[in-house]
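Report on one structure; see the data block that follows.
Throughout, numbering of the chain's residues begins at 1 and tracks the sequence. Just so it is clear, the model here is predicted, and its values are computed rather than measured.
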Amino acid sequence: MPVELIGRKLKTALPVHLVAKDRLDAADFASSTLAWAKANGFSGEAGRTLLIPGENGALAGALFGTGDGEGALAIGGLARALPEGDWHFASAPAEPELASIALALGGYVFTRYGKKPGKALRFSLPSGADAARVRRIADGVFLTRDLVNTPTSDMGPDELEKAVRTLAGRHKAEMSVTKGDELLKKNFPMIHAVGRASVGAPRLIDMIWGPKNAPKVTLVGKGVCFDTGGLDIKPSSGMLLMKKDMGGAANVLGLASMIMAAGLKIRLRVLIPAVENSIAGNAFRPGDVLVSRKGTTVEIGNTDAEGRLVLADALALADDDEPQLLIDMATLTGAARVALGPDLPPFYTGDEALACELATASAAVEDPLWRMPLWKPYDAKLSSKIADINNVTSDGFAGSITAALFLKRFVEKTAAWAHFDIFAWNPSDRPYGLAGGEAQGIRALERVISKRHA
């Protein structure tokens with residue numbers, strides 16, 4: 001972990017004083033520290049760090065501005081602002097565990113291609129923080145970020161499968177893969193259709209962990225390792241971030257890592273349809289009609305709406321097992337970004353209890369989520385004149401809602417289902433993470449699942 005979190009007081013640790021905006025005078029600081037802060041115009045503004053000089057050029061500590069209710073994740077900025085060395089909080093933060101998670105997340109750097117690692121910081125965990133939980137949450141987020149940040153040249157369907165095998169091996173999970181034309185024999189026709197034009201064969205990855213008689217929790221993640229848009233090809237600008245189109249798969253794997261490391265009493269299943277939506281002579285076409293695993297016929301109105309097709313086959317399989325909780329995550333629509341921006345993923349569910357749990361957990365762990373409606377009247381927008389359903393609407397309105405309604409048709413037996421339309425990317429640096437791949441929703445989901453199955 002880039003920031004080493006230590007479960008004891010370090011003798012050499014320097015103090016970090018958390019200061020709320022315009023509350024400098026209320027703090028119990030030495031007169032010299034107070035004068036230094038005022039001379040440097042420090043007033044506790046969010047995210048600002050001011051080092052405190054000591055004797056003979058040494059450091060005596062640091063001040064960190066927490067702003068006016070900015071939240072604990074802002075503390076992650078310390079991971080990049082502090083000089084190397086040992087540190088501790090002068091007084092425990094209001095949310096000690098969340099502050100510790102923020103520190104860990106803020107120190108993340110993706111180093112696979114030569115980027116230098118972050119600073120060597122050691123930080124004493126504040127009282128009230130569970131060291132093991134902080135580490136498993138951070139590890140899950142880092143796994144997600146690493147997978148999303150890796151370009152498709154090194155993270156195609158083959159490599160995504162290897163990543164799942166590595167995770168499965170670490171936690172002694174079972175794993176099976178249905179690949180290539182075997183998808184047709186085992187009735188996953190839409191996964192096959194979307195991925196058949198790529199040199200990397202399409203596949204369905206199936207990982208299972210936990211006691212057979214435990215409550216079933218199933219996670220489904222969109223694993224489109226690159227999306228050209230297919231024959232409805234994207235413009236070049238639209239392809240620049242398409243390495244992250246497997247962000248749903250990356251996020252459910254990060255969540256699975258957290259769950260398995262915690263040893264939760266559940267029967268966990270992870271399903272990832274891993275494909276690359278490429279262009280070749282055998283690519284599926286606009287106007288084609290595909291027969292799904294469920295038997296529903298789907299007219300292809302646009303080959304760039306491929307994620308819902310591979311998810312539909314995977315969700316139909318998951319639904320047959322009737323888990324107590326079924327979650328799917330996908331970088332599914334630009335419409336979700338237009339509606340809510342990159343930082344606030346919408347989720348959809350018809351389960352009121354689950355919706356309340358998610359909203360509560362989202363606020364508690366500062367993992368933003370916003371419930372959107374499964375607005376039934378919009379379901380008619382997906383109608384087709386020749387098939388049961390079209391994969392897109394004709395008017396372009398409510399794209400995230402209609403995508404969720406499309407998926408809902410493939411979940412009939414499972415009562416508690418939620419769909420997350422995530423971005424999986426930070427467009428710019430944040431205190432808790434640099435620009436690049438990001439985990440969204442999984443810390444909130446981890447809290448919900450942990451509370452249900454501790």
Is [X] salt-bridged to [Y], cutoff N-O under 4.0 Å?
| X | Y | value |
| --- | --- | --- |
| K294 | E412 | yes |
| K11 | D86 | no |
| D304 | K234 | yes |
| D429 | R80 | no |
| E357 | R452 | yes |
| K413 | D321 | no |

Which heavy atom of [X] sits nearest a heavy atom of [Y], and at what distance?
| X | Y | value |
| --- | --- | --- |
| L125 | S100 | CD2-OG, 3.3 Å |
| T331 | K244 | CG2-O, 3.6 Å |
| I137 | M258 | O-CE, 3.5 Å |
| P157 | A274 | CB-O, 4.1 Å |
| P151 | Y113 | CD-OH, 3.3 Å |
| M207 | A168 | SD-CB, 3.7 Å |

*Partners meeting side-chain hydrogen bond (donor to acceptor under 3.5 Å, both in side chains) with T360 (sequence neighbours left out)*: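 Expected list: none.
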
*Has K408 got more than 12 heavy atoms of other residues, nucleotides or ligands less than 6.0 Å from its NZ?*
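Check fails, neighbour count at 12 or below.
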
*Enclosure of D68 CG (heavy-atom neighbours >12, cutoff 6.0 Å)*: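 Not more than 12 within 6.0 Å, no.
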
Using a 3.5 Å distance criterion without hydrogens, assess whether the side chain of [X] forms a donor-acceptor pair with backbone atoms of [Y].
| X | Y | value |
| --- | --- | --- |
| S362 | A444 | no |
| R145 | G436 | no |
| R447 | V365 | no |
| R293 | F188 | no |
| E182 | G180 | no |
| K21 | G65 | no |
| D421 | A336 | no |
| E276 | C225 | no |
| R430 | L73 | no |
| R371 | T349 | yes |

_Once rounded to the nearest 0.5 Å, what's the spacing between atom CD1 of I449 and atom CD1 of I259?_
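The distance works out to 4.0 Å.
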
*Any chance you could measure S124, atom OG, to L10, atom CG, to the nearest 0.5 Å?*
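CG of L10 is found 3.5 Å from OG of S124.
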
*asked:* Going by side chain to side chain donor-acceptor pair (under 3.5 Å), W417 matches just one of D319, D328, D351. Which one?
replied: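 Per the side chain to side chain donor-acceptor pair (under 3.5 Å) rule, the option paired with W417 is D328, out of D319, D328, D351.
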
*Report yes if some heavy atom in the side chain of F42 is under 4.5 Å from a heavy atom in the side chain of V19; otherwise report no.*
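SC-SC contact between F42 and V19 confirmed.
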
Return yes if a side-chain donor-acceptor contact under 3.5 Å exists between [X] and [Y], otherwise no.
| X | Y | result |
| --- | --- | --- |
| D146 | Y108 | yes |
| S450 | E446 | yes |
| T144 | N251 | no |

*asked:* Which label fits F89 and F123: parallel for a plane angle under 30°, tilted from 30 to 60°, or perpendicular past 60°?
replied: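 Rings of F89 and F123: tilted, as their planes differ by 30° to 60°.
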
*Can you tell which of L183, T178, V310 makes a side chain to side chain contact (heavy atoms under 4.5 Å, CB included) with P202?*
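Of L183, T178, V310, side chain to side chain contact (heavy atoms under 4.5 Å, CB included) with P202 is met by L183 alone.
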
